[in-house]
4 protein chains.
Amino acid sequence: MAETVRPTFLNLPEDKQARIIEAALSEFADKGYQQASLNVIVAHSGIAKGSLYQYFTDKAGIFLYVFDFAIAVVRRLLVQVKDSTLEEDFFTRLERSLLAGLAFIRQHPKIYGIYLKILFDQQVPQRQELLQRVRQYAADYLHSLLRQGLARGELRPDLPVASTVFLLDALLDRFLQAASIPAFDVVLGLDQANAQVLHTRARELLEVLRRGLAAPPPPANL
Amino acid sequence: MAETVRPTFLNLPEDKQARIIEAALSEFADKGYQQASLNVIVAHSGIAKGSLYQYFTDKAGIFLYVFDFAIAVVRRLLVQVKDSTLEEDFFTRLERSLLAGLAFIRQHPKIYGIYLKILFDQQVPQRQELLQRVRQYAADYLHSLLRQGLARGELRPDLPVASTVFLLDALLDRFLQAASIPAFDVVLGLDQANAQVLHTRARELLEVLRRGLAAPPPPANL
Amino acid sequence: MAETVRPTFLNLPEDKQARIIEAALSEFADKGYQQASLNVIVAHSGIAKGSLYQYFTDKAGIFLYVFDFAIAVVRRLLVQVKDSTLEEDFFTRLERSLLAGLAFIRQHPKIYGIYLKILFDQQVPQRQELLQRVRQYAADYLHSLLRQGLARGELRPDLPVASTVFLLDALLDRFLQAASIPAFDVVLGLDQANAQVLHTRARELLEVLRRGLAAPPPPANL
Amino acid sequence: MAETVRPTFLNLPEDKQARIIEAALSEFADKGYQQASLNVIVAHSGIAKGSLYQYFTDKAGIFLYVFDFAIAVVRRLLVQVKDSTLEEDFFTRLERSLLAGLAFIRQHPKIYGIYLKILFDQQVPQRQELLQRVRQYAADYLHSLLRQGLARGELRPDLPVASTVFLLDALLDRFLQAASIPAFDVVLGLDQANAQVLHTRARELLEVLRRGLAAPPPPANL
DNA sequence: AATGAATGAGAATTCATTCAT
DNA sequence: GATGAATGAATTCTCATTCAT
C-alpha cells in the first residue's frame, strides 16, 4: 500500500495534529470525499495551503488518514463495550450495545458522519476496502454476541446465524442512522428525534427481537 | 415554494422531455447532486447548454424535477404491489414486497441509485423534505400491511406497531442496499451477492420475523 | 487520434482566432511546452481563462494545434521554393533554399523558435511524432533536390545519397540555428550575426560543398 | 559576477560533494533548468532541503556550478583526444574525434544531455555565456585540427577556414545529436539508430568530406 | 553547519450560470 | 425559443525559498 501520511505530520506538535485532523474530519463528514475542499480544511486548521502537502501525499492521503483515525476510535469503543458486558445475557448485551452506539454518535457525530458519507459515494478512494473493514467489525462483533448467547442457551438453537447477524446489523445501524437523520423519524414513529423517546423505542424493538430469537422457556413442570 | 421547472419544458415534445429526464436521472444517480455535471447532461440529451436554463431555473430545479419523476415511479410500484396482494396473508405480502423491491432495483437501478446518493448528502436541495416523502411512503405502506395483518389476527395483538414498522423498514431497505452494495456481503453472510443466494437469505429472514411477529397458533383443543 | 481543437474555436471570428494563435505561439516559442503558462496566453489574447477550455481540450490540445499551424506555414514555404527553382541547377537551388530559410526565420522567428524548443524537450506531447514530421519534410525536400541533381549529371554519380542528405540537413539546419542563436557566432567565425556576413558565409560554404559533391568537369579535349 | 557556490560546499567531504553534483546533474539533464526540481535533487543526494541553500545561493547557483563541472569533463576529453592523435593525418583525427564523441555520450549521457537541454532554453541563467564557452571549445579544437592539416598540406590551401570550421562543427554536433535523438534517424537515413550503422554512416560522411576538403594528389609523374 | 517545517504564488482544469444573437 | 460563447471563481497540487531551532 502506498504511503499517505508523511513523517512531517507525525513530527508535528500534538495540538497542531489534532487541529488538522479535526478540520479534515469536519469537512469530509460534512461534504463527502470529492466535495470536501482542501481550502476549507487549511482555513479551519490555520495552516498554509502548501503545508498540507508537506503532511500528506494528496487529498486521498488526508482522507485515508482521518478515516483510519476514525476507525481506531470506533474499534476502541466496540472492544470496550464487549469486554465490559461479558457477564451479561445476550439481550442485555444487545441493549447495552445499542445505547453505547447512541451515546457514541452523540459524542462523535463527525465520525459517524464520515461513515455515512462514504457508504454511497463511488468516488471515495479504496471505498470498497474501507467499507468492508467497518462492516466486518460490526459483523464480527455481532457474531461474537450470538455465539455466546447460543452457547449459554439464551437463543433458539435452530437460529440461522448469518441471517440473524444481518438482521441485527440492519437494525442497529438503521437505528443509529435514524438518530442522526431526522427524516427517519417517520419510520421510527417519532415526531421528533429526542433522546428519551429513542430509548423507549429501543427497548420495544429489543422486545420484539427477544420474542423472535430467544429460546423458549423450559416446560413449567420441570 | 419557488418554481423549478419552466412551462417551456412542459411544452416540449414528449420524447425530448424523456431524453432530458433520462440524461439527468443517469447523471444524478451516478454522481450525486453536487458532483453531477450539467455539461454531461446536455451532452447526453443532445440539447444546448442554454436551453437547460430555458427549461429549469437552475441545477436544483433540474434535480427536484427528476426526483419527483422518480418518486412517482416508485409510488406506482407500491400501489400496484399493495393492490395485487390484498388477499394474501401478512407474511406472504411481506415476501412479495421484498421480491418486488429486488426486481425493481434491478429494473430501475438509476432510481434506486438517486435515492441512495441523496440519503446522506447534506448538500442536496430540500433534502430533508425529499427524504421524508420517500420514507413516508414506505412507512405508510408497512403500516397498512401491519394493520391488515393485525385485523386478520395473523399477528400478535400486542405488537408495538411503530417499532415493528421501523424494524421492517430497516430490514427491507437494508436488504435492498445489500443487493446493490457489495461491501454489505459481509453482514449478509454472503461470499458473493448473487440473486439465488439473496432469495434464500430473504426467506430465512422472513422466517425469523414470522417467529417474532406471528400470532401464536390457537390452542389445539379448542 | 483524439480531438484537440473544439469546433467552438473554429467558429470564432478570424481575428480572434489569430490573436489566440499568436499569443500561444509566442508563449510556447518562448518557454517550451511545460514551462509555457496558459495564464500568459489568456492575458495576451485578452480572453478569459475558462474560454481557452471551450476552444481546446487541454494544454496539449492548444500546443498541437499551434504546432500544426506552424508546420503548415513551413510546408507552404518549402513547396513554393521547390517549385520556383525547378529550372535551376543543384547548387543554385541549394543556395536559394538557404536564403529562403534565412528570410523565413527572420519573418517568423516564433515558428522557428517553437521547433527549436521541442527538439530537446522530452515532455512535449507526441514529440517523437511531431519531430519526425518536420525532419521528414526536410529529408524529402533534400532528397528531391539531390535526385534531380544526379539525374542532370550535376553531381558525382557515386555520391552516397543518404549520407549526403544528412550532411546537407545538418548544415542547413545548423546554419539557421546559428542565425538565431548568437552563441553560434563563434563556430560561424562571426563577431556578430549580421545579415550581410551571413550571406557571405553561406556562399563560401556552398563552394566547399560544390567541390565535395559536384561532378568532375568533362575532359578538356572533348 | 555574483557568487554562486558557497565555501561551505567546498569544505564538504568529497563524496558528499560528488553525491550532490551527481544528483543535480541527473536532474538538470533530465528536465532542463526550469523544470528541474530541487526536491528531487535533495532526495537523491540524501541531504536536507535547507542545506542546499547553505551550499549554493539559489537554483541558478547550483546549475551554474554543475555546468562548470560538466564543461571541465568535456574539456579534459578534448585535450586528451587532441594530444593522443597529434601524429595522425587530418582525416584520421577527424574520424577519431567523431568516434570519441560517440563513446563520450554513451559514457556520460547526462553531460551531453545537459548541453542539449540548455541549447534552446531561453530561461537558463547566463545561457548566452555558457553556450559560447562550449562552442568556443569546439571551434578552437577544430581550428587547431585544420591548421595542422593545412600546414602539413593535407588540405586544399585555398580552404575558407571559418566556413570549414562551421561545416565540421555542424556535422559533428548533429551527428551526436542524431545518435541521441531517434527522430533524427530519418535524416540520417537509418531505420534504427544502432551503433553499427552509425559507424558505417560516419565513415561515408568522412569520405564526402575528404573529397571536398583534401588537397589534390600531387601530379603522378613528379 | 544542518535541519526540515512553513509559506504562498502560480500551475492546469472544471463548471454553473449569463447573455447577445 | 434556441443557441453556444464567455466568464471567473473554485478546484487540487507543486515548488523555490526562508527561517527558527
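Labels below follow one simple rule: chain letters A, B, ... track the order of the sequence lines, proteins then strands, and each chain is numbered from 1.
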Which residue pairs pass the salt bridge (Lys or Arg N to Asp or Glu O under 4.0 Å) test when at least one of the two sits in [range], sequence neighbours left out?
range: residues 33-47 of chain C; value: none
range: residues 28-41 of chain D; value: Glu27(D)-Lys31(D)
range: residues 37-65 of chain D; value: none

ask   = Near DNA chain E, under 4.0 Å by heavy atom, which residues of residues 17-32 of chain B?
value =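 Hits under 4.0 Å, by residue number: none.
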Report the distance from atom [atom1] of [X] to atom [atom2] of [N], rounded to the nearest whole Å.
X: Tyr53(C); N: dC15(E); atom1: OH; atom2: P; value: 13 Å
X: Phe56(C); N: dT14(E); atom1: CZ; atom2: P; value: 15 Å
X: Leu52(B); N: dA16(E); atom1: CG; atom2: P; value: 10 Å

ask   = Residues two or more places apart in sequence or in another chain: which of them pass ring pair (Phe, Tyr, Trp, His ring centres under 6.0 Å) with Tyr55(C)?
value = Phe9(C)
Nucleotide interval of DNA chain F bounded by contacts with chain B (heavy-atom cut-off, under 4.0 Å) = dG1(F) to dG4(F)
Interface polar pairs with nucleotides 9-11 of chain E, N/O, under 3.5 angstrom:
unit_1: dA11(E); atom_1: OP1; unit_2: Ser37(C); atom_2: OG; d: 3.0
unit_1: dA11(E); atom_1: OP2; unit_2: Asn39(C); atom_2: ND2; d: 2.2

query = On DNA chain E, nearest-nucleotide positions of Pro13(A) versus Asp58(C): which is more 5'?
reply = Pro13(A)
Closest-nucleotide ordering on DNA chain E, the 5'-leading residue of Ala48(A) and Thr57(B) = Ala48(A)
ask   = Looking at dA1(E), does its base get a donor-acceptor pair with the side chain of Gln54(D) below 3.5 Å?
value =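 In this structure, the two groups form no donor-acceptor pair.
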inquiry  = Counting C-beta onward and ignoring hydrogens, is there a side-chain heavy-atom pair between Gln35(D) and Gln35(C) closer than 4.5 Å?
reply    = yes
ask   = Is there side-chain contact between Phe56(C) and Leu64(C), with at least one heavy-atom pair below 4.5 Å?
value =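 The answer is no, as the side chains (C-beta and beyond) never meet within the 4.5 Å cut-off.
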message = Please list all pairs meeting side chain to side chain donor-acceptor pair (under 3.5 Å) that have one or both residues in residues 9-20 of chain D, counting only residues at least two apart or in different chains.
response = none
ask   = Counting any heavy atom closer than 4.0 Å, what does Ser51(C) reach on the DNA or RNA strands: base, sugar-phosphate only, or nothing?
value = base
query = Which is true for Leu12(C) with a 4.0 Å heavy-atom rule: it touches a base, it touches only sugar-phosphate, or it touches nothing?
reply = sugar-phosphate
inquiry  = Using a 3.5 Å limit on both distances, find every run of at least three consecutive Watson-Crick or G-U pairs that involves DNA chain F.
reply    = E:2-21 with F:2-21
ask   = salt bridge (Lys or Arg N to Asp or Glu O under 4.0 Å) with Arg133(B): which residues, sequence neighbours excluded?
value = Asp68(B)
key: Residues which pass salt bridge (Lys or Arg N to Asp or Glu O under 4.0 Å) with Lys117(D), listed by chain and number, not counting sequence neighbours   =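 For Lys117(D) there are no salt bridge (Lys or Arg N to Asp or Glu O under 4.0 Å) partners, ignoring immediate neighbours.
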query = Under 4.0 Å: is that the gap between some side-chain N or O of Tyr55(D) and OP1 or OP2 of dA2(E)?
reply =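 Affirmative; the distance criterion is met.
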query = Partners of Tyr112(C) by side chain to side chain donor-acceptor pair (under 3.5 Å), sequence neighbours excluded?
reply = Asp173(C)
